[in-house]
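Beneath this line is the structure, given in C-alpha cells, with notes to follow.
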Number of protein chains: 2
Amino acid sequence: MTAEHDTGDGRKLRGQRRRAQIIEATLAIVRRDGATGVTHRTVAKEAGITTSLTLYYFATLDDLLVAALTSVTDEYTHRIRQLIESEDEPLDGLAHLIAESAGPGRERALAERELSTLAARRPALRPVARRWRDNVAELARTQTDDPDAVEAVVALSDGLCAAILLNDEEADPNHIRAILGKALRRTRQ
Amino acid sequence: MTAEHDTGDGRKLRGQRRRAQIIEATLAIVRRDGATGVTHRTVAKEAGITTSLTLYYFATLDDLLVAALTSVTDEYTHRIRQLIESEDEPLDGLAHLIAESAGPGRERALAERELSTLAARRPALRPVARRWRDNVAELARTQTDDPDAVEAVVALSDGLCAAILLNDEEADPNHIRAILGKALRRTRQ
DNA sequence: GTACAACTAGTACGATAGTTCAACTACTGG
DNA sequence: CCAGTAGTTGAACTATCGTACTAGTTGTAC
C-alpha cells in the first residue's frame, strides 16, 4: 500500500500514511547510499519533513530499519505468493525475480541484501529476514518433495542473486531458470 | 603510558608489521560490531595505539576498509588454494569451510560477508570481493566440466553460508557436502 | 655526532550523529 | 465554540566522527 509523498496542498499526512512515507524515504536512502546512510536527518531530508518527525514515528533508528526491512520483505513475500498461486510455472517467475537484481532493479535487490546482512547481526531482525527464504522454500516445495532440493533452491536463489550484484553483467532469466531446474530435476530421476 | 604496542624488547613495530596490526584490529572490530563500528578511533583503541597512527598508515577510512577486505579475502583465497592442491577431496574441504560459518567462525564469516556487501556498492572493491567466488569456481572446475554446475556450486556455497548465518543452528559439513555433491553429480547422468 | 626521514603523540576543528524538549498548529468530538 | 489530542516544528544538548596540525621521538646513513 504505497502512500503518496504529499498531498500537494496544505493538508497534512497523518498516521499510517506518514509512517509509510518515512519508510519509503528510508528505503530510497538504503538503495542510493546503503544502510550506513540512514540517519534521522537524512531520512527527514529525503522525505521533506523535519528530523523530529521521523523520531515521532520511529523512536530509534533501529525501529526505522526494522520497519524498512519488514516493508521490503513484505513486498517480496507478496510477489512470491503470487507466483505460487499463479497458473504459470513458478520457477520461471522465480528466475525472473532473481534476474531483476541486474539492471533497474539492482538497487532494490541491493537494499534487500544489505538489510539482510544487517539482520545477521541483530537477532530481532532475523525472523523478518528469514521470510524471503521461507517463501522461496515454499515455492520450491511445490516442485519437489526432497528437502535437500528445497534447501538447494533457496541457497541457489540467494547465491545467484549475489553473483549478479557482484558482476555487472546482464542476467538471463532462462539461464537462471535452467540452473534452478537442474537442482530440482536430479531428484526426479 | 609507555608504548604497549612495542615488541617487548623495546623495539617499535614498524612498516608492514604495524600495518598488519592495524588491519587485524580493524577486522576484530568488523567481527564484533560490524563495518559500521569501524572508525579511526575505535581501530586505534583496539590496537592500543593513537588515532594519528592509524591515519599515518591509512589516510582515509576507505583505505582502511579496502585493506581489511583485501586481507580477509587473501586468507580465504589461500585456504581454498590449499584445498585445490591438496590430495584430499576438495569438496569435503569446501563443505568444512562453509560449515565454519556456524559456531566460533561465525564472526569471521559475517565480517567477510559484510565487507562483500560493501563491495557491491564500490566498484573499486569488486575485483577483490570476486576473488572468493573465482576461487570456489576454480575448485569446482576440478570436479566437473559443466559451466552451469560450476556456477551452481559457487552460488550454493554463498547461499548455504548465508543460510547458516541467518539461522543459529549448527551446520553439518556432511549435509553441506551432500548438497554440493548432488549439484555436481547431476551433470554426470 | 649530525642530519634527515620515518614514526609517534596529543590536541583541535568543523561536521554530523542520536535524542530531547517545549512550544506551536491542525484536526476532532462535543 | 472550546477543549483535547495527534501531529509537527526548530532549537539545543551531548557525543563522536574524520581529519588536520604541530611538536616531539626514534632509527639510520653518513
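Computation of the quantities below employed the complete heavy-atom set of this structure, encompassing side-chain atoms and omitting hydrogens, waters and symmetry-equivalent molecules. Proteins get letters first, then strands, A, B, ... in listed order; numbering begins at 1 in each.
- At D:dT8, one or more side-chain N or O atoms of A:Tyr57 fall inside 4.0 Å of OP1 or OP2 (strictly under the cut-off).
- Listed by chain and residue number, A:Thr50 satisfy the side-chain contact (heavy atoms from CB on, under 4.5 Å) test with A:Ser52 (two or more places apart in sequence, or in another chain).
- Listed by chain and residue number, B:Arg121 satisfy the side-chain hydrogen bond (donor to acceptor under 3.5 Å, both in side chains) test with A:Glu114 (two or more places apart in sequence, or in another chain).
- For residues 44-63 of chain B, the salt bridge (charged side-chain N to carboxylate O under 4.0 Å, His left out) pairs, not counting sequence neighbours, are B:Arg32-B:Glu46, B:Asp62-B:Arg122.
- In this model, the phosphate group of D:dT8 is not approached by any side-chain N or O of A:Tyr56 to a distance below 4.0 Å at OP1 or OP2.
- Taking atom CG of A:Leu53 as the reference point, atom C1' of C:dT25 lies 13 Å away to the nearest angstrom.
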Protein proximity profile, nucleotides 17-23 of chain C - base contact B, sugar-phosphate-only contact S, no contact -, cut-off 4.0 Å on heavy atoms: BBBBB--
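- A straight line from CD1 of A:Ile49 to P of D:dG10 spans 12 Å, rounded to a whole angstrom.
- Rounded to whole Å, atom P of C:dA9 lies 17 Å from atom NZ of B:Lys45.
- Residue pairs meeting the salt bridge (charged side-chain N to carboxylate O under 4.0 Å, His left out) criterion with at least one member in residues 96-110 of chain A, sequence neighbours excluded: A:Glu75-A:Arg108, A:Arg79-A:Glu100, A:Arg106-A:Asp168.
- Residues forming a side-chain contact (heavy atoms from CB on, under 4.5 Å) with A:Pro173 (at least two apart in sequence, or on another chain): A:His96, A:Ala99.
- We find that B:Arg31 and B:Glu24 are joined by a salt bridge, their nearest charged nitrogen and carboxylate oxygen being less than 4.0 Å apart.
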